[in-house]
Each structure stands twice: as C-alpha cells, then as structure tokens.
Amino acid sequence: MSQLIIRLARREDIEEIVTLEELCFATPWSRESLEHDMFNNRMSTYLVAELESRVVGYMGFWTIVDEAHVNNVAVSPEYRRLHIGSAIIDTFIRMTSEAGIESKTLEVRAGNGPAIGLYRKFGFEEAGIRPGYYENGEDAIIMWRRQTNEGK
C-alpha cells in the first residue's frame, strides 16, 4: 500500500470530496455548498487524506478567533479501519495548536459510537447535547478539546 498523505485540499480535489460527502452522509452538503465553503469562506480550511493517488478522506473546519469548529470528517467506506480518520484528526490538532488555536469543537451524531470513541481518543470531551440537531431528529453530542486537556 502507498504512503498516506494528509495535505491541504486543492481545487482539483472537489470531485472526490463531493463523492465522499455523498457516500458518507445521509444528508450530504451540496457541491455548491462545499465549493463555497472551500473557496470563498476565509474561515474555512479543508484537509484531505490521499492514498494510492486518490482522496480517501477529508475534513473541513472553520477557524473563528482562537477556536476551530469541525464541520465534517469523512473516510471512504472501503478505506475505513486503516486509521485514516485518526491521521486526519491528528494533523488537524497539530496544525491548529501550532497556529495558537486553543479550543476545538464539533458535533457528532449521538448514535455514532465509533466516531465518538475516535474523538475521545484525541481528548475531545462531551459538553452537551443539541436535541433534534440532524434532519432525521437525531441528537448531536457537542464535544470540545481545550488547551487544558490537550495533553490527553
């Protein structure tokens, strides 16, 4: 297997990111929303995981003053359980910490145990619930990783 590369997304990655979005989420962001967020939102950063010359995962997040808010993390179903999600999150944490961003947050489906476990592994802690957050009425768990728990 080729070496996994985590890098900033480029314009030519949009097709593969759209495909991942549609494969991984019940209510995917539209191509237009993704393009706008990637190319017109100055707060937004996208990372991709590249393996075997294809984008197999990505993360989008916003930087707001000293906080980073994760919007989406996706890994192609055929490449799951290869620690690609961990590599993306690890890069995100290092990158934002080096930039002085002290707090990181995200929402995750209450029923997504594997994702919750992954985020906990990286020091994210449950901080609250957003009832009925998702289109199907499922709750979201709000998780935070703050400077004080970054050593975890």
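Numbering starts at 1 and runs along the sequence shown.
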Among the clusters formed by ILVMFWY side chains lying less than 4.5 Å apart, do [X] and [Y] turn up in the same one?
X	Y	value
L4	I93	yes
L20	L82	no
L118	V56	yes

Looking at [atom1] of [X] and [atom2] of [Y], how far apart are the two atoms once the value is rounded to the nearest 0.5 Å?
X	Y	atom1	atom2	answer
S86	R81	OG	CZ	11.0 Å
I116	I141	CD1	CD1	3.5 Å
R145	I89	CZ	CD1	10.5 Å
S33	N41	OG	CG	11.5 Å
E67	E102	CD	CD	10.0 Å
H83	D90	NE2	CG	13.0 Å

Exercise. Can you run down the salt bridge (Lys or Arg N to Asp or Glu O under 4.0 Å) pairs that involve residues 30-47, sequence neighbours left out, and say none if there aren't any?
Key: E15-R31, R31-E35
Quiz item: Restricting to pairs with a member in residues 130-140, which pass salt bridge (Lys or Arg N to Asp or Glu O under 4.0 Å), not counting sequence neighbours?
Solution: E107-R130, R109-E138
With a 4.5 Å heavy-atom cut-off, do [X] and [Y] have their side chains touching?
X	Y	result
Y79	L51	yes
T91	L47	yes
L34	V18	yes
W29	N71	yes
M59	V70	yes
S103	D66	no
M38	I14	yes
I142	I129	no

Exercise. Determine, stepwise, if the pair W144 / E125 fulfils side chain to side chain contact (heavy atoms under 4.5 Å, CB included).
Key: CA-CA 5 Å; W144 281 90; E125 298 175 347; 5.9 Å; no
Quiz item: Taking T105 for the side chain and M143 for the main chain, is one N or O donor matched with an acceptor at less than 3.5 Å?
Solution: yes
Exercise. Indicate yes or no for a side-chain donor-acceptor contact from S97 to the backbone of R94 under 3.5 Å, with no hydrogens or angles considered.
Key: no
Minimal non-hydrogen separation, [X] against [Y], with atom names:
X	Y	result
A74	I88	O-CD1, 4.4 Å
V75	G85	CG2-N, 3.8 Å
I101	A68	CG2-N, 3.5 Å
A115	V108	CB-CG2, 3.8 Å
V48	A9	CG1-CB, 3.8 Å
V55	E16	N-OE2, 3.1 Å

Exercise. Assess whether side chain to side chain contact (heavy atoms under 4.5 Å, CB included) is satisfied between R80 and C24, documenting all intermediate values.
Key: CA-CA 11 Å; R80 290 185 184 156; C24 297; 3.3 Å; yes
Quiz item: So Y46 and L8, side chain to side chain contact (heavy atoms under 4.5 Å, CB included) or not? Walk me through it.
Solution: CA-CA 6 Å; Y46 278 72; L8 291 173; over 6 Å; no
Quiz item: So, E50 versus Y58: side-chain donor-acceptor pair below 3.5 Å or not?
Solution: no
Quiz item: Stepwise, does the side chain to side chain contact (heavy atoms under 4.5 Å, CB included) test hold for T45 with M95?
Solution: CA-CA 11 Å; T45 301; M95 179 182 185; 3.9 Å; yes
Practice problem: Take the angle between the ring planes of F61 and F92 and call it parallel below 30°, perpendicular above 60°, tilted in between. | Solution: perpendicular
Quiz item: With a 4.0 Å cut-off, would you call R7 and D13 a salt bridge?
Solution: yes
Quiz item: Are E52 and R54 ion-paired here, with the side-chain N under 4.0 Å from a carboxylate O?
Solution: no
Exercise. Check whether NZ of the Lys or CZ of the Arg R11 lies under 6.0 Å from the centre of the six-membered ring of F39 and within 45 degrees of that ring's axis.
Key: yes
